[in-house]
K.L.:
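Next up is a structure, given as structure tokens.
When reading the values below, keep in mind they use all heavy atoms of this one structure, side chains included, and skip hydrogens, waters and symmetry mates. So you know, we letter chains A, B, ... as the sequences are listed, proteins then strands, and number each from 1.
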Amino acid sequence: MKIRIRLHGRGGQGVKTAGRIISTACFLEGHCAEDSPMYGPERRGAPVLSFVRVSDGEPLEERGYIEHPDALVLLDSSSVSRSSPFYGLRTDGLVIINAPLLAPKFAFPSVAFDVSSAALRVLKKDSVSAGAAALACKALGLTSIESLSEAVRMEMNEIGLRPELIERNVELARECFSSVPTVKSFVHAHDPSPTDSNDESSEKLVEIPQMVGLQPIAAIIATGNSRLNETGLWRLTTPRIDYSKCTKCIVCFVYCPDSCITLEPDLTPHIQYENCKGCMICATECPLHAISEERAVPA
Amino acid sequence: MASNQTTIDTAYKTMKDTPREEYLQPGSPLCAGCGGEIAVRLALKALGPKTIVVSVPGCFGLLALYPYSSIENSMLFAPFASGPAAAQGIVDGIRIQVEKRAMVDPGSKVLVLTGDGAAYDIGLQATSGAIHRGLDFYYLCYDNEAYGNTGFQFSSATPTGSSTSTTAVTDSSQGNSLRKKNLFEIWKAHNPSYLATVAVSKPVDMLRKFEKASKMSGSKLFIAFSVCPTGWRSEPRETVKIDRLAVETGVWPLKESVNGRVTHTYIPRKRPPVENYLKTQRRFEHLFGACGSEHTLQEIQRDVDEYWRSISI
């Protein structure tokens with residue numbers, strides 16, 4: 001058997017760590033495993049990917065990005081509405097998602113569990129790497145709970161977490177592990193036949209599209225056009241101004257790192273949500289506490 | 001070296017005088033809650049539309065990431081060590097064009113924008129040369145105290161006790177054992193016309209410093225305290241709060257040097273313990289708790305106390 005898993009989430013959520021935990025747990029279980037994160041200018045909140053390949057002894061000779069995964073792990077349910085994480089997923093592929101309820105429109109078999117709520121309860125923060133890794137290990141029938149727990153300890157120790165936080169992550173992983181069923185027993189499955197996959201033959205390990213430039217220089221001719229980059233999609237929390245409390249002191253305007261707060265001539269502030277990354281500095285600094293926080297809910 | 005009590009001729013009296021124009025547009029790829037981004041946004045507001053920005057590798061190289069640019073101003077991307085050398089080229093190029101009467105003097109300002117990696121380490125030589133030649137330019141270093149763009153490796157701007165990906169906390173190590181390099185004094189030794197430290201929690205102070213510098217010719221240099229939530233492992237929402245704590249605890253002195261004469265533009269009278277500042281960032285978390293390092297904490301506090309004693313306010 002050989003399983004290719006692609007993880008989708010946002011920078012800071014633990015996408016890379018989740019991949020590492022799955023891979024280490026599989027290794028401890030006696031499988032061959034490798035993992036790698038997407039390399040690029042990722043930032044906290046930006047969409048990020050990581051990749052895990054597992055086999056039960058067959059050497060893993062592939063490297064690079066996974067274009068046609070057997071399973072997807074979505075650490076953030078809003079990624080479903082935003083990008084197309086299902087790209088290249090095999091027709092019999094499994095979707096494992098951190099969400100309270102299963103979105104009914106999936107064309108693929110899926111497993112859902114609200115890791116975020118469990119993490120907020122157990123860890124006091126929305127840090128879902130151990131929980132998401134546990135969902136994958138269980139749903140795909142990859143590892144025992146012991147290998148998973150040990151992998152969580154190893155990887156969380158590696159990133160320098162305090163011992164008591166590591167144990168709480170193990171607790172989160174165990175809760176998630178026991179909360180979902182094993183959907184497919186990949187461990188005993190054979191390689192899928194070519195007819196099961198989406199154009200396996202054209203798979204490229206790293207896809208670098210050829211772009212035709214107008215000028216032989218690396219220049220960006222338009223200045224200040226990054227508004228088109230919808231960084232509002234990074235937002236995990238949304239600031240809302242209560243205008244009945246606002247005194248137009250413009251503190252929020254001065255401190256917004258991204259120039260996302262604009263002022264009317266009478267100094268009434270407006271938040272521009274297309275690009276607001278949800279850093280919440282405005283809410284922290286507002287002297288009147290007139291800016292509240294909404295947890296961004298996926299569409 | 002007393003605080004400057006004389007009345008200053010300035011357009012910036014309160015935060016409400018912050019210019020409304022935006023030269024940094026929304027949608028940059030920088031992290032949510034980036035402190036350095038606030039610094040460059042305010043700096044560009046003070047310097048205005050005729051500023052030509054020179055950027056080098058570092059987080060803010062991402063301000064122009066194909067196919068987007070976040071800066072309204074013209075921007076040149078130079079090699080890591082060469083920001084001030086590229087600025088010299090722009091200044092000379094404009095001067096020659098004006099001398100040849102090929103263009104009317106545009107009255108432009110050249111701003112080199114680098115992180116602490118380029119300012120304290122990799123580009124120090126080019127900066128030394130440029131200040132020595134008296135190049136008429138601005139330099140803004142957003143100092144987030146490590147190589148933030150590549151995964152938070154230690155730089156010579158990393159403070160004592162900070163864990164970074166290359167100064168990990170182990171049984172035998174309490175993070176970075178070296179002291180932060182004193183770039184202010186190194187730059188000052190070159191006799192630039194203007195040199196200042198700035199912090200975004202004091203925006204009026206910051207705007208005034210850029211305003212003052214823009215009335216002078218020669219090298220005008222700024223070191224901006226830049227909270228880095230990703231590398232410092234702090235909460236993005238607390239960026240300005242942490243910045244304020246750095247100023248109030250005395251960790252980040254606000255000062256300027258005008259033709260070699262140093263003045264502190266804000267004196268933190270109460271100076272709460274540095275713990276108040278350090279505890280906001282998980283890069284220092286190993287200093288606290290049962291197995292924390294009392295010794296390192298005392299060393300950090302002692303350095304801060306010694307600094308404020310030495311300036312005899």
K.L.:
So which residues of residues 232-243 of chain B are in contact with chain A at a heavy-atom cut-off of under 4.5 Å?
P.N.:
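Hits under 4.5 Å: B:Ser234, B:Pro236, B:Arg237, B:Thr239, B:Val240, B:Lys241.
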K.L.:
Does the cation-pi check pass for B:Arg41 over A:Phe253, that is, NZ or CZ under 6.0 Å from the six-membered ring centre and within 45° of its axis?
P.N.:
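Yes.
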K.L.:
Between B:Glu285, B:Gln25, B:Glu37, B:Arg20, who has the most heavy-atom pairs with chain A when the cutoff is under 4.5 Å?
P.N.:
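Option with the top pair count is B:Glu37.
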K.L.:
Flag the one option from A:Ser226, A:Cys279, A:Gly160, A:Gly232 with the top tally of heavy-atom pairs under 4.5 Å to chain B.
P.N.:
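Greatest number of close heavy-atom pairs with chain B: A:Ser226.
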K.L.:
Are side-chain heavy atoms of B:Arg282 and A:Leu161 found at a separation under 4.5 Å?
P.N.:
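Yes, close enough: below the 4.5 Å cut-off.
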K.L.:
If I measure from the heavy atoms of chain B, does A:Glu293 come under 4.5 Å with its side chain, its backbone, both, or neither?
P.N.:
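It is the side chain, since no backbone atom gets that close.
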K.L.:
Does some side-chain heavy atom of B:Ser74 sit less than 4.5 Å from a side-chain heavy atom of A:Thr223?
P.N.:
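A side-chain contact is absent here, since even the closest heavy-atom pair is not under 4.5 Å.
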K.L.:
With a 3.5 Å cut-off and no angle check, do the side chains of B:Lys45 and A:Ser259 form a donor-acceptor pair?
P.N.:
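Per modelled atom types, B:Lys45 and A:Ser259 side chains form no pair under 3.5 Å.
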K.L.:
Quick one: OG on B:Ser70 to CG on A:Asn275, what's the gap to the nearest 0.5 Å?
P.N.:
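Taking OG in B:Ser70 and CG in A:Asn275, the distance rounds to 9.0 Å.
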K.L.:
For B:Ser28 and A:Asp258, does a side-chain donor sit closer than 3.5 Å to a side-chain acceptor?
P.N.:
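Side chains of B:Ser28 and A:Asp258: pair found under 3.5 Å.
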K.L.:
Does B:Leu30 form a side-chain contact (heavy atoms from CB on, under 4.5 Å) with A:Lys277? I'd like the steps, not just the answer.
P.N.:
CA-CA 10 Å; B:Leu30 303 178; A:Lys277 295 169 187 165; 4.3 Å; yes
K.L.:
Taking CZ in A:Phe27 as the centre, count heavy atoms belonging to other residues, nucleotides or ligands within less than 6.0 Å. Is the count above 12?
P.N.:
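Counting neighbours around CZ of A:Phe27, 12 or fewer heavy atoms of other residues, nucleotides or ligands fall under 6.0 Å, so no.
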K.L.:
I'd like to verify something: which residue of A:Val251, A:Thr284, A:Ile281 has the highest number of heavy-atom pairs under 4.5 Å with chain B?
P.N.:
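Maximum pair count with chain B is reached by A:Ile281.
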K.L.:
Around atom CG of A:Asp266, are there more than 12 heavy atoms from other residues, nucleotides or ligands closer than 6.0 Å?
P.N.:
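Yes - once you tally the heavy atoms of other residues, nucleotides and ligands closer than 6.0 Å, there are more than 12.
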K.L.:
Checking heavy atoms, do the side chain of A:Leu263, its backbone, both or neither come under 4.5 Å from chain B?
P.N.:
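Just the side chain, heavy atoms under 4.5 Å.
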K.L.:
Counting only heavy atoms closer than 4.5 Å, note whether B:Leu24 contacts chain A via side chain, backbone, both or neither.
P.N.:
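Contact with chain A is through both the backbone and side chain of B:Leu24.
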K.L.:
Under a 4.0 Å N-O cut-off, is there an ion pair linking B:Glu22 with A:Arg227?
P.N.:
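Answer for the salt bridge query: no.
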K.L.:
Given a strict heavy-atom distance threshold of 4.5 Å, which part of A:Gln272 is in contact with chain B: side chain, backbone, both, or neither?
P.N.:
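Side chain only.
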K.L.:
Any idea which heavy atoms bring A:Tyr255 and B:Ile38 closest together, and the distance?
P.N.:
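Smallest heavy-atom distance, with atoms named: O-CD1, 3.3 Å.
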K.L.:
Name the member of B:Ala39, B:Gly35, B:Ser201 that forms the most heavy-atom pairs with chain A at distances under 4.5 Å.
P.N.:
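Most heavy-atom pairs under 4.5 Å with chain A: B:Ser201.
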K.L.:
Considering only heavy atoms from C-beta outward, does the side chain of B:Lys16 approach that of A:Leu267 to under 4.5 Å?
P.N.:
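Result yes, sub-4.5 Å side-chain heavy-atom pair found.
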K.L.:
May I ask you to name which of B:Met15, B:Met75, B:His286 has the most heavy-atom pairs under 4.5 Å with chain A?
P.N.:
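That would be B:Met15.
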K.L.:
More than 12 foreign heavy atoms under 6.0 Å from NZ of B:Lys109: is that the case here?
P.N.:
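Atom NZ in B:Lys109 is crowded, with more than 12 foreign heavy atoms closer than 6.0 Å.
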K.L.:
If you round to the nearest 0.5 Å, how far is CD1 of A:Ile250 from CG of B:Asp17?
P.N.:
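It is 8.0 Å, given to the nearest 0.5 Å.
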